[in-house]
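Before I ask anything, let me first share the structure, which is written out below as structure tokens.
As the structure is a computational prediction, the values presented were derived from the model and not from experiment. By convention in this document, chain letters (A, B, ...) are assigned in the order of the sequence lines, proteins followed by strands, and residues within each chain are numbered from 1.
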Amino acid sequence: MADISVKLPDGSKRELPAGSTAADLAKAIGSRLAKAAVIAVVDGLERDLTTSLHDGAEVAIITDTSDTGLHTIRHSTAHVLAQAVLELFPGSTNAIGPAVENGFYYDFALPGNATFSAEDLSRIDAQMREIMAADQPFVRGELSATEALDVFRDFPYKCEIIERTAKKVADDDGLDAGEVSADGIVSFYRNSDSFLDMCLGPHVPSTGRLGHFALQRVAGAYWRGDHTRPMLQRIYGTAWATKKDLEAYLHRLEEAAKRDHRKLAAELDLVSWPDELGPGLAVWHPKGAMVRKQMEDYSRDRHVNGGYSIVYSPHIARSVLWETSGHLGFYKDSMYPAMELDEGVKYYPKPMNCPFHILIYKSQQRSYRELPIRLYELGTVYRYELSGAVHGLMRIRGFTQDDSHIFCTREMVADEIASLLDFVLDVLRSFGFTDFQAKLSTRPRDKSVGEDDMWELATDALREALAGAGLDYTIDSGGGAFYGPKIDVDVKDAIGRSWQLSTIQLDFNMPARFGMEYIGADGQAHQPVMIHRALFGSVERFFGVLLEHFAGAFPAWLAPVHASVLPVASAHEAYASEVVADLRSRGFRVELHEADEQLGKRIRNAKLQKHPYVLVVGEDDVEHRTVGVNPRGGEVERGVALGVFGDRLAADLAARR
RNA sequence: GCCCGAGUAGCUCAGUCGGUAGAGCGAUUCACUCGUAAUGAAUAGGUCCGCGGUUCAAUUCCGCGCUCGGGCUCCA
């Protein structure tokens with residue numbers, strides 16, 4: 001038989017017997033590669049290892065160490081999950097089961113709208129391991145759409161996917177999970193006589209290639225993510241190439257749980273959510289409030305230096321304001337209901353600060369010479385979030401925005417947005433964030449106000465600003481606010497999680513609704529453009545993100561307490577008090593822990609509070625006016641002169657360490 | 001709002017196959033006064049989330065509600 005020649009990623013060529021598969025190629029290159037191989041990329045397309053190679057093909061063997069390889073392992077594990085569920089739960093039907101970050105899920109409908117229990121999960125897990133032990137091959141096949149509809153006639157969700165694709169229905173919601181190719185050919189994989197699943201593939205060669213997985217939880221999920229459609233039963237799992245990787249991942253989850261801001265808020269006595277207040281409402285304890293004060297003071301200073309004017313506004317306003325702004329038309333579902341007083345006059349708690357700032361603008365006639373006007377308020381708003389959405393400080397019903405509204409001319413918009421982005425990123429960097437990702441959100445499909453050309457103009461301005469700032473961004477089609485498009489900035493925290501914080505929103509609409517004007521150089525009245533901008537987003541969420549980012553160990557400039565002073569014994573308490581008074585007089589936040597318990601115990605307790613310094617003072621220190629410095633994460637140093645320690649702490653604060 | 005799970009001392013949790021409950025930490029008191037991550041002893045502390053139902057008897061079983069957690073949707 002004639003040989004074929006294939007090209008490898010390093011540019012080298014390799015001769016193989018005709019009819020060789022990608023698996024044969026891997027074997028020919030080396031036994032270790034053959035063992036690690038998961039799929040192949042042939043001429044740029046992901047294929048099963050069983051794919052026959054043609055002469056001249058460019059082939060890369062993908063192993064389980066690559067992202068693509070891991071993705072395949074997770075996807076294949078999801079299929080085994082589906083097989084196990086269909087075997088254990090007669091009459092159940094499967095929907096979609098893609099790989100996701102770190103794992104996979106699969107959605108099912110059980111007969112009679114039954115649900116999975118925790119015990120079901122362990123049964124399913126056991127069944128999956130049997131399927132893997134049986135080492136069933138993933139065998140690919142192809143059908144026409146018509147044939148597929150017959151084969152999958154008992155699987156209504158599969159049929160819906162086939163029909164949607166067959167009709168070439170425009171699908172921009174990305175939920176087809178790669179089960180059907182665009183050309184109307186339906187591919188499927190058969191693992192055994194009793195199980196086949198529709199899928200584009202590729203898959204690992206056989207179920208024996210899998211095994212380092214864990215089923216994690218059951219959740220409800222709407223079919224196609226649409227809350228008007230049936231709720232399916234979703235099983236989430238994680239899967240990895242090796243047992244070690246799986247264990248490392250599970251360990252990472254435990255570590256992340258330790259930094260949960262709700263847990264730390266309780267341990268460090270920062271914030272609580274008393275039931276008496278209702279869901280999504282928090283109270284700030286003294287230590288949490290001190291951290292918040294530092295954040296707010298810094299924010300205020302930066303804004304004043306950045307050309308903003310501080311303003312204040314009330315928490316409620318008459319319904320007419322919200323009618324004018326459009327909130328009652330487009331945002332009412334998220335607003336707390338009205339208080340009705342004074343013979344039927346309705347007052348609504350504010351869900352946003354913008355209408356108030358507009359009224360401040362409108363309090364007098366404005367000239368183009370005054371623009372841009374930048375108003376800034378730490379404004380507390382109330383939003384009636386869905387009960388299931390409320391989450392600690394990250395999603396809360398009463399929260400404070402570091403809210404700015406910038407009023408400028410159309411000509412100023414591009415420069416203003418560009419400098420705004422710089423300002424936002426610079427302030428975020430001051431808090432220790434370095435990794436940013438932006439998102440540009442365009443006009444919502446259903447609820448929005450304004451003319452198309454306005455939206456286009458606004459969206460273009462934002463796009464240009466992003467390009468100018470050199471920031472990576474994605475497009476969220478239809479994700480804009482009802483009054484305009486926006487840029488959202490996400491930050492990555494210390495353990496790689498992404499949080500949506502800042503938002504910059506362009507608004508040509510509200511100025512029109514409120515009839516805002518300025519007198520231009522031409523002596524004529526013009527309409528200003530409005531930019532809504534929150535930098536922290538919400539002070540509460542930002543605090544929560546900082547808390548998790550630093551795992552409770554705030555840098556000194558934010559820390560609620562800089563140092564705890566511990567006298568070795570009661571005899572040293574008088575000197576300890578002097579140390580406290582001295583440091584406080586220099587503006588430091590210091591606590592005295594009297595000698596009512598053993599020193600080791602008090603040190604431990606102080607350390608658990610994660611404050612930057614523990615100071616121990618004993619006989620030697622009384623004599624020499626020194627302190628023993630035990631820094632967070634550092635080595636103990638005895639006999640440091642009190643003034644020297646104060647200088648060191650002052651340096652930390654100045655450098656925002 | 002929807003699906004699943006949970007709610008026992010201030011905290012973390014055990015327990016009762018239906019007969020009103022227990023540990024550690026914390027608190028209080030006493031003793032110890034100690035040089036860098038847990039001294040010892042004693043004491044107090046609970047409508048077992050709430051309301052109904054079943055039962056001689058409910059923290060336990062059932063129903064409803066509230067709150068929290070994990071998701072979906074939504075979002076700063």
Within the structure shown, what part of the strands sits under 4.0 Å from A:R395 by heavy-atom distance: base, sugar-phosphate, or nothing?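 Since a base atom lies under 4.0 Å of A:R395, the category is base.
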
How far does the C1' atom of B:U29 sit from the matching atom of B:G45, given to the nearest Å? 14 Å

How far does the C1' atom of B:A14 sit from the matching atom of B:A6, given to the nearest Å?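 These two C1' atoms come out 16 Å apart once rounded.
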
Should B:A41 form a Watson-Crick or G-U wobble pair with both distances under 3.5 Å, which nucleotide is its partner?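 B:A41 is paired with B:U29.
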
Which whole number of Å gives the distance between the C1' atom of B:U8 and that of B:U67?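 Per the computed distance, 16 Å lies between those C1' atoms.
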
What distance, rounded to whole Å, do you find between the two P atoms, one in B:U59 and one in B:A21?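 Their P atoms lie roughly 11 Å apart.
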
Counting the atoms with a prime plus P, OP1 and OP2 as sugar-phosphate, which does A:S387 contact under 4.0 Å by heavy atoms, base, sugar-phosphate, or nothing?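 If one applies the 4.0 Å heavy-atom cut-off, A:S387 turns out to touch a base.
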
Of A:L599 and A:Q233, whose closest RNA chain B nucleotide lies nearer the 5' terminus? A:Q233

When all nucleic acid strands are considered with a 4.0 Å heavy-atom cut-off, which category describes A:G388: base, sugar-phosphate, or nothing?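 Base: the residue A:G388, judged by heavy atoms under 4.0 Å, touches a nucleobase.
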
If I pick the P atom on B:C32 and the same atom on B:G70, what distance separates them, to the nearest angstrom? 49 Å

Could you tell me whether A:D260 and A:R262 have a side-chain N and a carboxylate O separated by less than 4.0 Å? yes

Side chain to side chain contact (heavy atoms under 4.5 Å, CB included) with A:Q609: which residues, sequence neighbours excluded?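 Per chain and number, A:Q609 pairs via side chain to side chain contact (heavy atoms under 4.5 Å, CB included) with A:L268, A:H611.
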
Expressed in whole Å, how much space separates the C1' atoms belonging to B:G7 and B:C11? 15 Å

Where along residues 629-639 of chain A does a heavy atom fall under 4.0 Å from RNA chain B?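 By residue number: A:N630, A:V636, A:R638.
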
Should B:U59 form a Watson-Crick or G-U wobble pair with both distances under 3.5 Å, which nucleotide is its partner? none

Tell me what A:D226 touches on the nucleic acid: a base, only sugar-phosphate, or nothing, going by heavy atoms under 4.0 Å.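 A:D226: no heavy atom of the nucleic acid under 4.0 Å.
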
Which part of the nucleic acid, if any, lies within contact of A:E597, taking any heavy atom under 4.0 Å across all strands shown: a base, the sugar-phosphate backbone alone, or nothing?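 Result for A:E597 = base.
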
Going 5' to 3' along RNA chain B, between which two nucleotides do contacts with chain A fall, using a heavy-atom cut-off of 4.0 Å? B:G1 to B:A76

Can you classify the ring geometry of A:Y331 versus A:H327 as parallel (below 30°), tilted (30 to 60°) or perpendicular (above 60°)?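 A:Y331 and A:H327: perpendicular rings.
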
At 4.0 Å (heavy atoms only), tell me whether A:R541 reaches a base, stays on the sugar-phosphate, or touches nothing. base

Is there a Watson-Crick or G-U wobble partner for B:G69 with both distances under 3.5 Å, and which nucleotide is it?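 B:C4 - that is the nucleotide pairing with B:G69, both distances being under 3.5 Å.
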
Hey, does the side chain of A:R397 reach the backbone of A:E385 with a donor-acceptor pair shorter than 3.5 angstrom? yes

How is A:Y236 classified with respect to the nucleic acid when contacts are heavy atoms under 4.0 Å: base, sugar-phosphate, or nothing? sugar-phosphate

Using a heavy-atom cut-off of 4.0 Å across all strands, would you classify A:N605 as base, sugar-phosphate, or nothing? nothing

Selection residues 562-578 of chain A - residue pairs positive for salt bridge (charged side-chain N to carboxylate O under 4.0 Å, His left out), sequence neighbours left out: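 Salt bridge (charged side-chain N to carboxylate O under 4.0 Å, His left out) check on residues 562-578 of chain A returns A:E578-A:R625.
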
For the C1' atoms, the ones on B:A58 and on B:C74, what distance do you get once it is rounded to whole angstrom?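 Between the two C1' atoms, the distance is 41 Å.
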
What does A:R602 touch in the nucleic acid at a heavy-atom separation under 4.0 angstrom: a base, only the sugar-phosphate, or nothing? nothing

Side chain to side chain contact (heavy atoms under 4.5 Å, CB included) filter on A:M295, not counting sequence neighbours, yields A:V291, A:F431, A:F536, A:V539, A:F542, A:F543, A:L546, A:L558

Parallel, tilted or perpendicular, judged at 30° and 60°: which one describes the rings of A:F330 and A:F482?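 The rings of A:F330 and A:F482 lie parallel, inter-plane angle below 30°.
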
Paired with B:G24: which nucleotide, if any, by Watson-Crick or G-U wobble criteria at under 3.5 Å for both distances?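 Across all strands, the one nucleotide that pairs with B:G24 is B:C11.
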
Separation of the C1' atoms in B:G71 and B:C61, to the nearest angstrom: 29 Å

What is the nucleic acid contact for A:L608, judged by heavy atoms within less than 4.0 Å: base, sugar-phosphate only, or nothing? base

Using a 4.0 Å heavy-atom cut-off across all strands, classify A:K607 as base, sugar-phosphate, or nothing. base

To check you understand the geometry: which heavy-atom pair defines the closest contact between A:H405 and A:M530, and what is its length?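 Distance-wise, the nearest heavy atoms are CD2-CE, 3.4 Å.
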
Does A:T503 have any side chain to side chain contact (heavy atoms under 4.5 Å, CB included) partners at least two apart in sequence or in another chain, and if so, which? A:K486, A:D488, A:Q505, A:A534

Looking at A:R638 and A:D621, does any basic side-chain N land under 4.0 Å from a carboxylate oxygen? no

Considering every strand and a 4.0 Å limit on heavy-atom distances, what is the contact class for A:A534: base, sugar-phosphate, or nothing? nothing

Counting Watson-Crick and G-U wobble pairs only, both distances under 3.5 Å, name the nucleotide matched with B:U47, or none.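 Partner of B:U47: none found under 3.5 Å.
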
How is A:E619 classified with respect to the nucleic acid when contacts are heavy atoms under 4.0 Å: base, sugar-phosphate, or nothing?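 Base contact.
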
If pairing requires Watson-Crick or G-U wobble contacts with both distances under 3.5 Å, which nucleotide is the partner of B:C34?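 Per the H-bond distance test, none.
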
Are the aromatic rings of A:W322 and A:F356 close, with centres under 6.0 Å apart? yes

May I ask you to say what A:K263 touches in the nucleic acid, namely base, sugar-phosphate or nothing, with a heavy-atom cut-off under 4.0 Å? nothing

With side chain to side chain donor-acceptor pair (under 3.5 Å) as the test, pick out the partner of A:H261 among A:H549, A:H391, A:E548, A:R541.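 For A:H261, the side chain to side chain donor-acceptor pair (under 3.5 Å) check succeeds only for A:E548.
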
Heavy-atom nearest nucleotide on RNA chain B for A:Y331 versus A:G280: which residue maps closer to 5'? A:G280

